[in-house]
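Working notes for the structure below.
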Amino acid sequence: MKKYIHDFQIIANRRINTEYFVLSLANEKKLPEIKPGQFVQVRVDNAPNTFLRRPISVYDVNYEKNILYLLIQVVGEGTRTLSELKNGEKLNLIYPLGNSFSLPDSEKALLIGGGVGVAPLMFLGRWLTEQKKEPVFLLGFRNSELQVDIDRFRKLGEVYISTDDGGAGEKGLVTQHPVLHNDTLDISMVYACGPDVMMKAVALWAEKKNISCEASLENTMACGFGACLCCAQETVQGILLVCTDGPVFNTKELIWQI
Amino acid sequence: MKKYIHDFQIIANRRINTEYFVLSLANEKKLPEIKPGQFVQVRVDNAPNTFLRRPISVYDVNYEKNILYLLIQVVGEGTRTLSELKNGEKLNLIYPLGNSFSLPDSEKALLIGGGVGVAPLMFLGRWLTEQKKEPVFLLGFRNSELQVDIDRFRKLGEVYISTDDGGAGEKGLVTQHPVLHNDTLDISMVYACGPDVMMKAVALWAEKKNISCEASLENTMACGFGACLCCAQETVQGILLVCTDGPVFNTKELIWQI
Amino acid sequence: MADLRVCIGDLHFKNPVTAASGCFGYGKEYEDFIDLGKLGAVFVKGTTGSNRKGNPYPRMVETSSGMLNSVGFQNKGIDYFISDIYPGIKQYNTHIIVNVSGSTIEEYVMVAEKLNDLEKIPAIELNISCPNVKEGGMVFGTHCPSAIKVTTAVRKAYHKTLIVKLSPNVTSIYEFARAVEGAGADAVSLINTLLGMAIDAEKQKPVLATVTGGLSGPAIKPVALRMVWEVYNAVKIPVIGIGGIMNATDAIEFMLAGATAVQIGTANFINPRVTVEVIKGIEDYLVEKDITDVKDIIGALKIPG
Amino acid sequence: MADLRVCIGDLHFKNPVTAASGCFGYGKEYEDFIDLGKLGAVFVKGTTGSNRKGNPYPRMVETSSGMLNSVGFQNKGIDYFISDIYPGIKQYNTHIIVNVSGSTIEEYVMVAEKLNDLEKIPAIELNISCPNVKEGGMVFGTHCPSAIKVTTAVRKAYHKTLIVKLSPNVTSIYEFARAVEGAGADAVSLINTLLGMAIDAEKQKPVLATVTGGLSGPAIKPVALRMVWEVYNAVKIPVIGIGGIMNATDAIEFMLAGATAVQIGTANFINPRVTVEVIKGIEDYLVEKDITDVKDIIGALKIPG
Ligand SMILES: Cc1cc2nc3c(=O)[nH]c(=O)nc-3n(C[C@H](O)[C@H](O)[C@H](O)COP(=O)(O)OP(=O)(O)OC[C@H]3O[C@@H](n4cnc5c(N)ncnc54)[C@H](O)[C@@H]3O)c2cc1C
Ligand SMILES: Cc1cc2nc3c(=O)[nH]c(=O)nc-3n(C[C@H](O)[C@H](O)[C@H](O)COP(=O)(O)OP(=O)(O)OC[C@H]3O[C@@H](n4cnc5c(N)ncnc54)[C@H](O)[C@@H]3O)c2cc1C
Ligand SMILES: Cc1cc2nc3c(=O)[nH]c(=O)nc-3n(C[C@H](O)[C@H](O)[C@H](O)COP(=O)(O)O)c2cc1C
Ligand SMILES: Cc1cc2nc3c(=O)[nH]c(=O)nc-3n(C[C@H](O)[C@H](O)[C@H](O)COP(=O)(O)O)c2cc1C
Ligand code: FES
Ligand code: FES
């Protein structure tokens with residue numbers, strides 16, 4: 001897929017809660033095809049200590065209105081600077097980057113997200129419904145205050161929630177959620193994005209259930225398009241690159257470092 | 001004089017023309033005494049390539065309203081970032097720094113400024129009027145568009161202008177201005193601030209006329225308060241520091257490098 | 001229009017702007033962004049005698065105005081390069097220069113020998129300066145007799161333009177430059193990365209799996225400029241300047257300090273179009289200054305006094 | 001409340017945070033901003049045998065996340081220090097350590113000898129690593145036999161704590177650390193500045209009057225951390241870490257890498273209160289991590305594998 005460098009314009013910066021915000025980005029040029037699971041490399045201007053670009057998943061795309069959405073969690077100086085962007089300001093992106101999630105065999109698919117790991121699942125869920133599939137979401141957050149856009153996920157499919165403190169949905173980790181232990185859940189594919197420990201636990205669960213599992217990984221990235229070889233991931237095929245061979249991997253391929 | 005580090009609030013950012021702007025800075029604490037010729041060290045946040053503070057002269061002080069004014073010329077990333085500051089934003093200053101201009105013997109004094117070198121002359125002029133002296137300004141600019149706050153200077157004393165292209169006042173360099181060759185000008189002191197070549201020319205003129213001359217110098221500064229020894233100036237007394245022994249020097253003391 | 005052509009030994013570059021090894025893949029990673037045919041040359045990644053999987057991860061960490069990497073020589077080896085990669089890149093309308101790496105003199109020689117026959121590879125860059133491999137690599141670049149030995153051996157085995165890439169992690173880089181000049185190098189390129197380290201204070205652990213890594217980016221530019229100037233004053237062969245170049249002004253500074261050409265590395269990650277922008281910027285500079293030939297700025301730095 | 005006390009040889013510091021030589025004047029430049037009595041120590045500026053006027057100007061230029069300086073040893077000499085400066089600073093409630101500089105072994109020895117008698121100066125830092133003087137200075141710091149010679153001579157002449165400040169402009173800094181340890185140093189401090197250069201492309205001239213200068217600031221932190229860790233693993237005497245420390249996290253990284261104390265230089269120019277803020281930050285870190293003694297983090301870096 002051809003990659004582009006474009007200046008986008010901020011048309012909305014929607015604060016969700018203390019940690020998360022969503023940027024809506026517009027561009028005069030028609031957006032190229034973007035696939036669920038792909039990401040962009042954002043140049044952060046005006047952040048004295050942010051030298052490299054920041055990789056951010058595509059949260060959603062509206063082709064009609066030509067808008068790209070990014071869901072971002074404030075964790076350091078780069079993301080904090082992004083959180084302060086105002087309407088009309090510019091953001092330079094390299095995109096679309098990486099591979100993408102694949103289509104499930106069955107009707108239903110389970111999409112498990114932890115924290116900011118829910119980001120790629122919105123776009124994936126939308127795409128699945130367009131493919132006449134039925135996404136079921138299982139989303140985990142630290143507490144109820146940190147939940148993200150649940151109403152929007154509900155528009156795409158069933159949503160289960162878990163929070164560490166039980167403030168919303170089930171108490172505990174997503175992998176402890178009863179829906180995973182509900183044998184009537186008729187799925188052939190699970191998608192996971194979140195902390196490594198979560199994804200590994202989901203992968204083990206899927207393996208036991210003999211369900212195919214795709215995980216979207218993170219790694220430290222200098223380029224994002226295969227030029228620096230920094231984002232190495234150990235797999236059964238040897239070292240692969242998270243930015244071009246991933247970020248989506250079938251978990252059977254992965255050799256976890258944790 | 002005791003030095004302070006304070007956060008000031010921008011209460012106005014007044015654009016004068018394509019190159020110059022004036023920041024009005026307020027602080028809850030009562031301003032300490034600041035003397036004409038002194039400067040501040042400004043921390044520039046949000047400018048990726050601006051590491052050290054930037055030295056800026058005090059353009060004016062309003063003790064009643066507790067406001068400090070800086071006249072700044074956009075020359076690089078630091079000053080450009082400052083030019084984009086909005087009301088309510090913070091600016092961290094170390095101040096007041098450096099020595100100051102001295103009082104003239106006679107009634108009248110001539111204040112010669114070139115470009116952004118006019119900055120310390122506003123405050124100096126105000127102080128002179130308060131001391132019952134009569135400042136006469138000779139201000140040079142590249143062209144008429146780049147003139148700075150002439151009306152405000154006029155409130156303090158007579159103003160002569162020269163521009164490189166003759167678009168306002170006399171055509172040519174300030175040192176070619178007829179007022180300098182007018183023997184009725186009854187002064188015992190001339191103050192100069194501007195490019196080194198200008199100050200040197202003024203100093204030579206003053207020496208010939210047997211008039212005392214003070215110049216406000218620039219130099220590359222890392223600290224601004226005498227700790228780094230970077231801002232060396234060769235003088236008849238040996239190396240002195242522009243940030244603490246200056247920025248104001250009697251030109252008889254100076255050994256010019258140009 | 002200024003003349004941008006420069007020569008590295010017998011080799012003619014259409015302009016002095018090239019991409020640094022390890023930062024530009026095999027060129028094709030940048031085809032969506034720029035026309036590779038516009039570049040003076042592309043230095044492709046470190047190639048070894050056989051397949052190397054590189055270092056464990058994390059391999060990268062951002063630092064103030066720079067980054068540390070510990071990629072190591074992840075590559076499939078020279079034979080794979082010849083059979084599978086070369087056919088795909090040989091049609092590029094620019095010079096492809098292979099960065100030759102290894103752990104032993106025999107390995108360097110073997111790789112260099114095999115590159116003799118590739119028509120479209122007019123030069124190699126002998127990498128004796130990688131801080132990211134345990135054996136070989138930097139040892140050759142930080143011990144003068146070893147640098148001479150490996151250069152002499154490769155010189156015998158390789159018949160085209162031989163560029164030796166120097167390590168900055170030494171007391172006197174100009175001694176190494178003189179040594180490899182004496183051993184038959186046609187040019188030197190510098191600097192490779194500075195050996196550095198990053199620590200995660202929260203976890204009380206090194207950030208990189210290999211503990212140390214190579215520092216690149218604008219943080220190292222002052223050191224690189226100084227070394228290029230030192231080496232330019234010490235040798236007669238051309239110098240290729242590398243280290244923290246982010247824009248045309250940076251590239252011009254390296255040429256004024258004595259570089260005949262420059263390599264741009266880390267900047268490509270942030271701005272994949274930086275190389276062609278630098279070419280344009282150099283041209284603008286020459287036009288504005290009324291200089292008709294870029295060669296006139298090489299080493300043109302005026303030293304006072 | 002964590003215990004912040006550390007020892008450099010026989011010398012007790014109330015905490016590991018000190019100000020670096022050449023960046024803190026004689027301390028009094030900072031009295032308006034902080035209580036000097038809070039610092040572990042103040043390293044005052046380079047002091048030579050006799051009056052030195054320093055280098056011509058410009059002496060400073062900003063670089064990416066750093067600065068180059070070429071101050072040289074502008075100071076009025078040891079006798080002036082003793083007669084005119086010492087009386088004004090000896091009442092500070094912190095250790096005053098004099099950075100001893102020179103061009104010849106005799107000069108170093110002479111200055112060190114005279115400092116024996118100053119009751120309130122409990123230590124000297126032998127600066128064999130300044131890149132900004134033509135003769136002496138860095139030569140002693142980049143040539144191992146010279147480093148040993150000067151350290152041995154000063155050790156004989158000086159009876160209190162002897163700290164030797166190492167140059168980073170060498171191939172193997174740990175060899176110098178071992179060498180001066182063998183020659184009687186009680187501690188080593190590192191790093192001094194990296195030799196660098198800046199060029200004004202418009203004027204086609206070096207920016208600094210001396211052409212080259214010393215690079216400091218966060219740009220050099222990765223190199224400094226790596227060197228501190230190398231030296232910590234090579235010697236038994238305490239290591240004082242220096243280079244690009246801007247905040248408490250940076251200081252903690254140096255201590256994890258093996259530094260018993262740290263010096264803060266360039267950061268003081270931007271934030272004259274940085275030293276006391278770093279002390280507070282280290283304390284917060286220890287409390288949060290339930291560590292009762294700062295000495296427990298010295299060299300506590302966990303190396304994987
Ligand atoms: C393929 C991919 C997709 C991602 N998608 C999203 C997303 O949709 N929304 C979102 O909020 N975040 C996403 N991230 C994570 C995001 O890139 C980091 O949170 C961001 O780079 C942190 O930048 P910072 O300057 O705010 O923090 P820093 O101050 O740089 O660091 C804070 C923390 O973030 C980690 N981090 C820093 N840089 C990177 C990097 N280049 N890659 C990975 N981790 C890093 C550091 O280890 C550190 O712990 C994604 C990461 C990857 C690799
Ligand atoms: C005592 C003193 C008082 C000053 N008063 C004023 C004032 O009232 N208004 C005003 O507009 N400017 C003033 N200046 C100049 C001002 O400090 C510089 O223009 C500013 O630092 C440039 O920063 P920058 O990031 O925009 O430009 P940069 O990109 O850093 O550089 C652009 C140009 O400015 C010069 N410059 C950069 N840093 C410094 C520095 N620390 N000291 C001197 N020159 C530098 C460089 O040589 C370069 O040519 C004063 C300087 C001094 C020393
Ligand atoms: C991710 C990465 C990988 C690199 N790999 C190599 C390599 O394989 N061979 C080599 O000679 N240099 C390698 N280098 C060094 C660069 O070619 C260059 O010398 C250095 O990065 C300094 O230039 P820069 O600051 O423009 O990046 C690598 C640098 C980076 C950042
Ligand atoms: C302006 C300036 C002057 C310095 N003068 C000296 C000196 O006289 N003696 C010395 O040993 N080191 C001197 N140094 C080096 C510092 O002490 C320190 O080793 C170096 O700056 C790295 O630390 P930093 O990055 O925290 O500044 C000087 C550094 C600067 C920036
Ligand atoms: S981030 Fe550069 S190769 Fe993946
Ligand atoms: S700027 Fe530091 S001493 Fe003058």
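First the proteins, then the strands, lettered A, B, ... as listed; each starts at 1. As the structure is a prediction and not an experimental result, all values here were calculated from the model. Reckoned from all heavy atoms, side chains included, excluding hydrogens, waters and symmetry mates.
Chain D forms the most heavy-atom pairs under 4.5 Å with one residue out of C:Ala257, C:Gly66, C:Ala219, C:Gly244, and that residue is C:Ala219.
For the pair D:Ile199/C:Met255, no side-chain contact is recorded, criterion being any heavy-atom separation below 4.5 Å from C-beta on. Considering only heavy atoms from C-beta on, C:Glu253 stays 4.5 Å or farther from D:Val207 through its side chain.
Rounding to the nearest 0.5 Å places OG of C:Ser172 at 9.5 Å from CG of D:Asn169. Distance CZ/D:Arg226 to CG/C:Leu195: 4.0 Å, rounded to 0.5 Å.
Only the side chain of D:Ile297 comes within less than 4.5 Å of a heavy atom in chain C; its backbone stays farther off. For D:Glu230, the part sitting under 4.5 Å from any heavy atom of chain C is the side chain, from C-beta outward, and nothing else. Contacts between D:Pro304 and chain C at a heavy-atom distance below 4.5 Å involve the side chain alone, from C-beta outward. Heavy atoms closer than 4.5 Å to chain C are found nowhere in D:Phe254, neither backbone nor side chain. For D:Lys289, the part lying under 4.5 angstrom from a heavy atom of chain C is the side chain only. Of the two parts of D:Leu225, the backbone and the side chain both hold a non-hydrogen atom closer than 4.5 Å to a non-hydrogen atom of chain C. Of the atoms belonging to D:Ala209, it is backbone heavy atoms, and not side-chain ones, that fall under 4.5 Å from chain C. For C:Val211, the part sitting under 4.5 Å from any heavy atom of chain D is the side chain, from C-beta outward, and nothing else. Within the 4.5 angstrom heavy-atom criterion, atoms from both the backbone and the side chain of D:Leu301 approach chain C.
Under a cut-off of 6.0 angstrom, the local environment of NZ in D:Lys205 is sparse, with at most 12 non-hydrogen atoms contributed by other residues, nucleotides or ligands. Within 6.0 Å of atom NZ in C:Lys295, more than 12 heavy atoms from other residues, nucleotides or ligands are found, so the atom counts as buried in its surroundings.
Remark: the backbone N or O of C:Pro222 is not paired with any side-chain donor or acceptor of D:Thr63 at under 3.5 angstrom. Between the side chain of D:Thr171 and the backbone N or O of C:Thr171, at least one donor-acceptor pair lies under 3.5 Å. Between the C:Lys302 side chain and the D:Lys203 main chain, a donor and an acceptor come within less than 3.5 Å of each other.
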Test side chain to side chain contact (heavy atoms under 4.5 Å, CB included) on C:Glu202 and D:Ile252 and set out the steps.
CA-CA 10 Å; C:Glu202 239 1 270; D:Ile252 291 162; over 6 Å; no
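In the model, C:Ser65 has a side-chain atom that pairs as donor or acceptor with a side-chain atom of D:Ser65 under 3.5 Å.
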